[in-house]
Amino acid sequence: MVHLTLKEKFAFKYIFSEGRVYQRWYGRFLSFGLDYGRLRRVVTRVPNWLNWCEQWTIEGDAVFKKAEEALDKGNRVQARALFHEAVGCYHAGQHVFFIDSNQKERTQEKARKSYQRAISLYDEKERPIRIDVPFNGVKIPGYLRLSTVPDSPLIIFVNGMDNIKEAEGNSHGNLFRQNGFNYFTFDGPGQGELWKDMKFDVKEYHNAVTAIINWFEQHPIYGMDMGRIGLIGFSLGGYLAPMCAAYDKRVKCVVGNSGLVFTGGLEGLKKLNPLWQRGVTYMTGCETLEHATAQFDWDIERDPGLNVPLLFYHAGKDEVMPSPKLHADKMMRWAKGEKTLHYYEKAEHCTMDYLDEVFPEIIDWFKNKLIERQG
């Protein structure tokens with residue numbers, strides 16, 4: 001039985017609905033491959049936020065079954081597409097569903113299994129490569145998408161609070177691979193598959209990214225140019241990616257989108273809405289915000305200065321954090337090298353309603369910094 005505060009009971013019954021919240025997530029869900037018609041059909045079946053994960057998991061199970069039936073008929077292309085669609089359903093279900101970690105983890109595991117079924121149906125040259133990077137007694141799980149162009153740069157995608165490598169990581173990886181980049185997506189401490197073995201601690205996160213770069217340098221079997229590395233992150237990753245780039249000088253440039261660049265300690269965490277407060281305790285494995293504060297407290301201006309090119313986005317209608325312009329301005333003060341801010345006054349969190357403009361621009365920016373300048 002999930003224990004909810006009175007504030008949470010009110011919010012999850014009256015505030016979290018399509019008209020107030022769900023519609024803000026549509027851009028994100030569509031970006032990792034969910035069909036719009038399916039999205040609307042499932043949302044109409046959700047009577048209350050407490051049923052969100054359950055309804056999406058039911059849908060994912062149905063799509064997974066259709067994928068197996070297609071495979072039994074020899075329809076490999078259809079089966080692969082449906083396995084990916086099932087991943088999207090499961091990911092939507094566990095998305096910010098921090099109120100029940102057991103249910104969230106079960107649905108995530110279904111997403112991981114469906115993704116494995118999907119990529120088993122790729123041709124070998126196109127198939128994402130599973131890589132497990134040793135780190136502090138555990139293994140950081142990830143997937144590498146290899147460019148068809150030899151000696152291409154490496155882009156590392158840094159997850160946010162609720163990304164999983166099998167959803168956004170796959171769809172973003174397709175874009176980068178098509179444009180001449182190698183692309184690695186992973187679940188870091190407190191995220192996705194690694195959550196059960198290692199919880200989030202902001203003081204240690206950059207060491208995980210350094211371990212990944214070290215591993216690729218020590219295993220030069222994929223023909224990548226390790227002198228050209230870029231990082232990218234959305235949401236919490238919009239802070240983590242620039243922060244990690246500041247700590248590891250091998251990173252040549254970085255993109256962040258809607259980063260929470262300071263938390264304000266316990267008082268700041270208490271200003272977050274109940275959903276994100278649950279996310280803080282979930283990622284850190286703590287029972288209360290008070291206990292989680294040590295692992296979830298930062299101010300980017302306390303981090304080492306960033307001296308490589310930065311492209312940063314923020315959104316004026318960002319519902320995740322109070323005063324998004326303060327976060328954007330603080331990021332610009334902190335970055336000491338070449339820097340560009342695109343502030344979308346009318347955009348939602350992670351500029352999800354402007355991704356048709358943002359993603360191509362990000363690709364061009366990385367090409368300019370890591371490919372064309374090198375040429």
Side-chain angles (χ1 to χ4, degrees), residues 31 142 144-160 168-169 171-186 206 209-210 212-217 220 222-235 237-259 261 300 303-315 327-328 330-344 350-351 354-375:
S31 76
L144 174 66
R145 307 297 299 277
L146 278 177
S147 168
T148 57
V149 181
D151 298 319
S152 296
L154 172 64
I155 302 296
I156 299 174
F157 180 75
V158 182
N159 274 345
E168 283 100 339
S171 59
H172 297 178
N174 289 337
L175 287 173
F176 277 92
R177 183 178 181 275
Q178 291 163 7
N179 284 280
F181 295 94
N182 301 291
Y183 183 89
F184 185 69
T185 179
F186 68 99
H206 66 90
V209 172
T210 289
I212 291 169
I213 297 174
N214 289 344
W215 191 92
F216 280 117
E217 285 190 338
Y222 297 112
M224 299 186 293
D225 185 348
M226 293 303 294
R228 293 184 286 164
I229 300 173
L231 299 186
I232 180 172
F234 281 51
S235 193
Y239 159 70
L240 293 174
M243 180 270 285
C244 291
Y247 276 95
D248 197 312
K249 305 306 179 185
R250 292 169 293 184
V251 177
K252 302 305 181 186
C253 57
V254 59
V255 173
N257 192 319
S258 294
V261 305
I300 200 163
D303 292 318
L306 182 70
N307 294 304
V308 298
L310 167 70
L311 174 61
F312 193 67
Y313 295 84
H314 229 307
H327 291 264
K330 181 180 276 286
M331 177 66 86
M332 289 298 103
R333 287 198 304 270
W334 169 72
K336 304 305 180 187
E338 176 189 332
K339 53 193 173 185
T340 302
L341 170 66
H342 291 311
Y343 191 79
Y344 282 69
C350 288
T351 61
Y354 288 87
L355 289 181
D356 58 329
E357 302 174 17
V358 168
F359 260 122
E361 183 175 48
I362 289 173
I363 295 289
D364 278 332
W365 188 86
F366 272 126
K367 280 191 170 185
N368 176 265
K369 304 305 177 189
L370 294 177
I371 296 179
E372 294 167 3
R373 283 191 180 183
Q374 302 298 317

Considering only heavy atoms from C-beta outward, does the side chain of [X] approach that of [Y] to under 4.5 Å?
{"X": "Tyr247", "Y": "Thr210", "value": "no"}
{"X": "Ile362", "Y": "Tyr313", "value": "yes"}
{"X": "Met243", "Y": "His206", "value": "yes"}
{"X": "Met331", "Y": "His314", "value": "no"}
{"X": "Val209", "Y": "Leu240", "value": "no"}
{"X": "Val261", "Y": "His327", "value": "yes"}
{"X": "Asn182", "Y": "Tyr222", "value": "no"}
{"X": "Phe186", "Y": "Ile156", "value": "yes"}

Pair Phe181, Ile371 - check side chain to side chain contact (heavy atoms under 4.5 Å, CB included), show working.
CA-CA 9 Å; Phe181 295 94; Ile371 296 179; 3.8 Å; yes
How far apart are the closest heavy atoms of [X] and [Y], and which atoms are they?
{"X": "Gly305", "Y": "Ala246", "answer": "O-CB, 4.0 Å"}
{"X": "Ala335", "Y": "Leu310", "answer": "CB-CD2, 3.7 Å"}
{"X": "Asp151", "Y": "Arg228", "answer": "O-NH2, 2.6 Å"}
{"X": "Thr351", "Y": "Ser258", "answer": "N-OG, 4.1 Å"}
{"X": "Asp303", "Y": "Trp334", "answer": "O-NE1, 3.4 Å"}
{"X": "Ala328", "Y": "Tyr343", "answer": "CB-CD1, 4.1 Å"}

Establish, yes or no, whether a centroid distance under 6.0 Å links the rings of Phe184 and Phe216.
yes
What do the steps show when you test Leu154 against Leu144 for side chain to side chain contact (heavy atoms under 4.5 Å, CB included), and what is the final call?
CA-CA 10 Å; Leu154 172 64; Leu144 174 66; 4.2 Å; yes
Atom pair [atom1] ([X]) and [atom2] ([Y]), whose distance is rounded to the nearest 0.5 Å:
{"X": "Cys253", "Y": "Ile232", "atom1": "SG", "atom2": "CD1", "result": "10.0 Å"}
{"X": "Lys252", "Y": "Lys369", "atom1": "NZ", "atom2": "NZ", "result": "14.0 Å"}
{"X": "Met224", "Y": "Ile229", "atom1": "CE", "atom2": "CD1", "result": "8.0 Å"}
{"X": "Phe359", "Y": "Phe176", "atom1": "CZ", "atom2": "CZ", "result": "7.0 Å"}

For Leu175, is there any backbone N or O sitting under 3.5 Å from a side-chain donor or acceptor partner on Asn179?
yes
Using the ring of each side chain (for Trp, its six-membered ring), is His172 parallel, tilted or perpendicular to Phe157, with breaks at 30° and 60°?
perpendicular
Going through the checks in order, is the side chain to side chain contact (heavy atoms under 4.5 Å, CB included) test met by Leu370 and Asp225?
CA-CA 10 Å; Leu370 294 177; Asp225 185 348; over 6 Å; no
Take Arg250 and Glu217 through the test side chain to side chain contact (heavy atoms under 4.5 Å, CB included) and record every step on the way to the result.
CA-CA 11 Å; Arg250 292 169 293 184; Glu217 285 190 338; 2.8 Å; yes
